[in-house]
Amino acid sequence: MSGQSTYQPRSRFMQWMEARLPVMGLVHSSFVAYPTPRNLNYWWTFGGILSFMLVVQIVTGIVLVMHFTPHVDMAFNSVEHIMRDVNYGWLLRYLHSNGASMFFLACYIHMFRGMYYGSYKEPREVLWILGVIIYLLMMATGFMGYVLPWGQMSFWAATVITNLFSAIPIVGDPVVTWLWGGYAVGNPTLQRFFSLHYLLPFAIAGVVVLHVWALHVVGQNNPTGIEPTSDKDTLPFTPYATVKDAFFLAMFAIVFAWFVFYIPNYLGHPDNYIPANPGVTPVHIVPEWYYLPFYAILRAIPNKLLGVIALFSSIAILAFLPWLDTSRVKSANYRPLYRQFFWLFVIVCVGLGWLGSKPAEGGYVIASRLLTAWYFLHFIVVLPLLGFIEKPRALPMSISESVLKGKGAAALLAAIVLAGLAGFARPATAAEQVAPPRVNWSFAGPFGNYDRAQLQRGFKIYREICQSCHSLSLLSLRNLGETGGPDFSPPQVASIAAEYKVKDGPNDQGEMFERAGRPADRFPAPFPNEQAARAANGGALPPDLSVIAKARGYERGFPWFVIDAVTQFQEHGPDYIVAVLTGYADPPANFKLAAGAAYNRYFPGNAIGMPKPLSDGIVTYTDGTPQTADQYAKDVTAFLMWAAEPHLEARKRIGFQTMIFLIVLAGLLYFIKKKVWSHLHDHA
Amino acid sequence: MSSAGPTRRDFLFVATGAVGAIGAAATLVPLIAQMNPDSSTVAAGAPIEVDLAPITQGQAIKVFWRGKPIYIEHRSKSEIEAARNVDVASLPDPQADQARVKAGHDQWLVVIGICTHLGCIPIARQGDFGGFFCPCHGSHYDTSGRIRQGPAPANLAIPPYAFLSDSKIRIG
């Protein structure tokens with residue numbers, strides 16, 4: 001960490017090289033000989049995990065950029081193009097979108113670990129502040145990345161977050177206009193966010209280098225919070241810390257893979273599968289889970305400017321932590337009072353996150369205000385006072401003398417943090433919606449696959465019923481023959497395609513003409529434009545059905561959304577669609593139905609523009625399946641699920657292989673870790 | 001080293017290294033595969049049909065297939081003769097004209113209009129041999145699209161195509 005490197009190159013070439021550019025010596029002293037306190041627990045592995053996540057995000061991001069189009073008219077479709085057409089595009093995009101969440105998850109654990117063990121105290125103040133800067137950059141990067149798919153949540157996140165700056169007195173509005181590059185969030189905004197979203201990760205990487213450098217100057221903190229005094233207190237980074245980091249990284253990767261392969265949309269919002277619409281804000285907008293506590297603080301303050309100041313202060317105050325905490329003892333293990341306040345603070349943060357996902361009304365606002373007040377009191381009153389009031393427990397003389405306790409507390413921390421963070425995941429909507437009944441889907445669960453016959457029947461329903469009003473614009477006719485889908489044979493696909501009329505041209509005379517469809521064509525839309533679609537449907541716009549199964553859902557509420565993450569229940573969208581298709585009924589006596597609307601038990605607000613589409617016997621099945629409205633609804637919904645997630649089967653198959661691989665790898669690393677460390681215990 | 005001995009430990013390291021290497025290799029698969037043509041590009045590269053009826057003798061048209069320009073030339077008798085009255089063995093890339101057109105459709109020359117030197121588009125009916133001339137680096141092709149003079153190493157490539165009727169071909 002300091003002084004001459006002990007690295008001795010063996011070969012002549014390396015000696016020659018080392019005399020000119022001592023890069024191997026740097027690596028050796030930083031990652032091999034670097035002394036780490038021998039009592040580090042697994043909470044110290046998250047630094048390595050964060051580095052790994054940064055690399056994952058940069059690599060997958062660079063790859064996604066090769067296929068993404070940063071333009072308001074094309075961004076949404078280019079993301080869907082990645083999900084559908086690009087080889088392994090679905091994997092790369094799910095890795096990137098879930099990777100952001102995993103990055104923040106690891107970051108929060110890393111930060112809470114630093115707070116618990118007092119890692120920000122002398123001599124690590126600069127190390128800590130660099131960490132706060134990284135966190136700020138992460139927040140900016142994550143936010144701008146979320147805008148890029150240009151869905152409804154993207155657009156409105158961009159609008160709300162940039163509007164924070166309008167709170168600045170006098171120059172607020174010009175600043176916001178400058179940020180937008182226009183009079184509203186639009187194409188210039190998207191393009192600059194794209195540019196910055198590409199730039200900032202490299203800025204993060206740069207600050208990470210400083211962060212690691214600062215760390216290697218002052219050395220790592222440890223669970224006792226006392227500095228190493230002799231060689232007995234430390235171990236070389238390699239192999240001891242390396243194997244431990246590697247093992248826990250593999251464990252973390254299992255969690256990551258669980259999200260990517262089995263519940264890839266769990267942490268997202270269905271609304272973001274609806275293309276951005278500057279004219280309609282979603283009923284309930286919330287940021288991604290990792291911003292929720294700050295969002296709650298923003299909304300807790302009834303004054304616009306003060307709310308924004310509170311939001312930014314709640315982050316900025318972290319940078320002052322080294323001086324706000326007046327206690328000379330670092331580790332909470334030896335600070336009985338601080339330890340309780342630490343846990344209270346964790347609960348307050350989790351609570352703020354939960355409140356951030358709730359609508360800003362009634363008791364939620366009051367609770368948000370109380371917790372916001374406590375959040376700041378913790379920093380400006382509790383921490384400064386505790387240093388004077390608290391009587392710390394006796395510190396051990398040295399690290400090697402200390403005997404670690406409190407593994408139970410660690411497990412508890414894990415449970416609370418994970419449950420809490422998972423708890424942010426799904427926002428609750430103002431619940432007037434009736435929960436749709438559960439349907440047994442063949443594609444549910446870790447091994448679920450589509451039922452080919454069902455997809456083919458569902459396509460028949462789409463073609464004979466839905467297609468007259470609803471487009472399927474993101475799908476091509478060729479998709480019908482691709483593996484993992486309805487699996488029509490090539491001649492079947494060609495003959496289905498030929499039944500469609502496709503507009504082509506211009507021809508040599510400069511005129512557009514109609515021709516028979518070909519497999520490479522997109523599904524033709526029933527109406528030439530939105531106005532025509534509305535005019536033909538009493539003013540209502542029949543939505544495009546390409547991703548409808550992922551763009552709809554319903555709230556399951558606590559504790560179900562936590563359980564759903566474990567049981568992999570992800571079929572909110574399909575269940576909802578079946579419920580709406582079969583949920584037509586006579587309106588209750590006191591319900592006023594607008595002209596042209598129909599009453600639907602499951603549609604939000606109950607008045608739906610679409611007349612009852614399905615009734616028994618309207619479509620003929622040739623395979624003996626019952627010709628009931630209920631069956632039609634399930635079949636067409638399965639088809640729409642495939643349309644929204646055409647690579648579901650590949651995802652689950654590769655997910656299973658990845659899981660097996662990671663479990664084997666984690667197991668092997670665990671035994672290596674045991675070996676390496678048992679060797680140490682023999683000689684201790 | 002205690003009871004276990006070095007063998008078991010070595011095995012553990014080798015096994016873990018092997019598993020890690022497999023994982024790293026598997027990770028490369030999607031990262032590399034994503035740069036290959038995606039399925040929409042592949043689908044758009046399906047065969048195309050071209051109607052030859054409007055192409056009069058002495059005329060050449062250019063169509064695009066898989067992003068490549070395809071020259072379709074309706075050759076005159078003299079052009080065919082010029083292409084056939086050549087000592088094939090003396091050519092840089094020896095190939096008979098008969099091997100470059102479809103039997104019975106000798107008047108139709110269908111070639112990929114990309115110079116075999118470095119990928120520029122040669123101009124039709126120009127150059128010292130009346131076939132194609134590439135302005136980039138001065139390659140001359142004859143009326144059969146064969147390289148005659150200049151830096152290009154090979155004849156203009158023939159795309160896969162077939163006659164559906166006397167006046168219609170399918171390329172691809």
Side-chain angles (χ1 to χ4, degrees), chain A residues 56 59-60 62-64 66-67 81-82 84-93 95 239 243 246-247 250 253 474 476-479 481-482 493-494 508 518-522 646-647 650 654 657-658 660-676 678-679 681-683, chain B residues 1-56 59 61-67 72 164 168 170-172:
Chain A
V56 168
V59 169
T60 53
I62 286 173
V63 162
L64 289 172
M66 296 181 189
H67 307 282
H81 162 71
I82 291 170
R84 292 160 191 279
D85 292 337
V86 173
N87 305 317
Y88 296 101
W90 58 268
L91 172 59
L92 296 160
R93 191 225 163 192
L95 278 171
V243 287
F247 164 63
L474 298 172
S476 299
L477 294 159
R478 64 184 158 85
N479 294 139
E482 285 166 5
V493 174
D508 292 344
R518 295 194 283 247
D521 290 322
R522 297 283 179 123
H647 298 296
I654 295 174
Q657 294 162 348
T658 306
I660 297 289
F661 167 81
L662 286 173
I663 289 166
V664 169
L665 182 68
L668 285 168
L669 286 167
Y670 175 72
F671 286 114
I672 288 194
K673 190 251 154 196
K674 259 183 81 165
K675 270 277 171 216
V676 167
S678 74
H679 170 64
H681 293 313
D682 291 347
H683 293 260
Chain B
M1 214 60 53
S2 55
S3 56
T7 332
R8 202 170 124 192
R9 183 170 162 164
D10 288 349
F11 169 75
L12 206 51
F13 278 113
V14 171
T16 310
V19 170
I22 291 168
T27 307
L28 286 179
V29 171
L31 294 178
I32 292 169
Q34 56 87 19
M35 284 176 71
N36 268 323
D38 60 55
S39 52
S40 62
T41 308
V42 171
I48 56 166
E49 289 177 12
V50 181
D51 184 12
L52 304 181
I55 310 170
T56 54
Q59 203 188 5
I61 66 159
K62 205 191 307 183
V63 297
F64 277 86
W65 175 68
R66 294 196 168 173
I72 303 173
L164 300 176
K168 198 165 215 181
R170 181 169 59 207
I171 300 174

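Quick caveat, the model's predicted, so the values are computed rather than measured. Just so it is clear: chains get the letters A, B, ... in the order the sequence lines come, proteins before strands, and each one is counted from 1.
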Quick one: are Tyr88(A) and Val29(B) in side-chain contact, heavy atoms under 4.5 Å? yes
Measure distances from Leu91(A) to the heavy atoms of chain B and classify the residue's part below 4.5 Å as side chain, backbone, both or neither. side chain
Please round to the nearest 0.5 Å and tell me the distance separating atom CG of Asn87(A) and atom CG of Leu31(B). 12.0 Å
Heavy-atom neighbours of Met66(A) CE exceed 12 at 6.0 Å: yes
Minimal non-hydrogen separation, Ser39(B) against Arg84(A), with atom names: OG-O, 4.1 Å
Could you work out, with side-chain hydrogen bond (donor to acceptor under 3.5 Å, both in side chains) as the rule, every residue matching Gln59(B), not counting sequence neighbours? Thr56(B)
What is the minimum heavy-atom distance between Ala44(B) and Ala520(A), and which atoms define it? N-CB, 4.4 Å
Let me know if Leu92(A) has heavy atoms under 4.5 Å from chain B in its side chain, its backbone, both or neither. side chain
Point-to-point distance, once rounded to the nearest 0.5 Å, from CZ of Phe13(B) to CG of Leu668(A): 11.0 Å
Less than 4.5 Å to any heavy atom of chain A: does that hold for the side chain of Pro37(B), its backbone, both, or neither? backbone
Do you know which of Ala43(B), Gly45(B), Ala15(B) has the most heavy-atom pairs with chain A at a distance under 4.5 angstrom? Ala43(B)
Just checking, any donor-acceptor pair under 3.5 angstrom between side chains of His67(A) and Asp38(B)? no
Proximity breakdown for Ala46(B) and chain A, heavy-atom pairs closer than 4.5 Å: neither
Restricting to non-hydrogen atoms, name the atom on Asp85(A) and the atom on Ser40(B) that form the minimum distance, rounded to 0.1 Å. OD2-CB, 3.3 Å
Looking only at heavy atoms and a cut-off of under 4.5 Å, which of Arg518(A), Gln657(A), His81(A) has the most pairs with chain B? His81(A)
Applying ring pair (Phe, Tyr, Trp, His ring centres under 6.0 Å), name anything that partners Tyr670(A), two or more places apart in sequence or on another chain. Phe247(A)
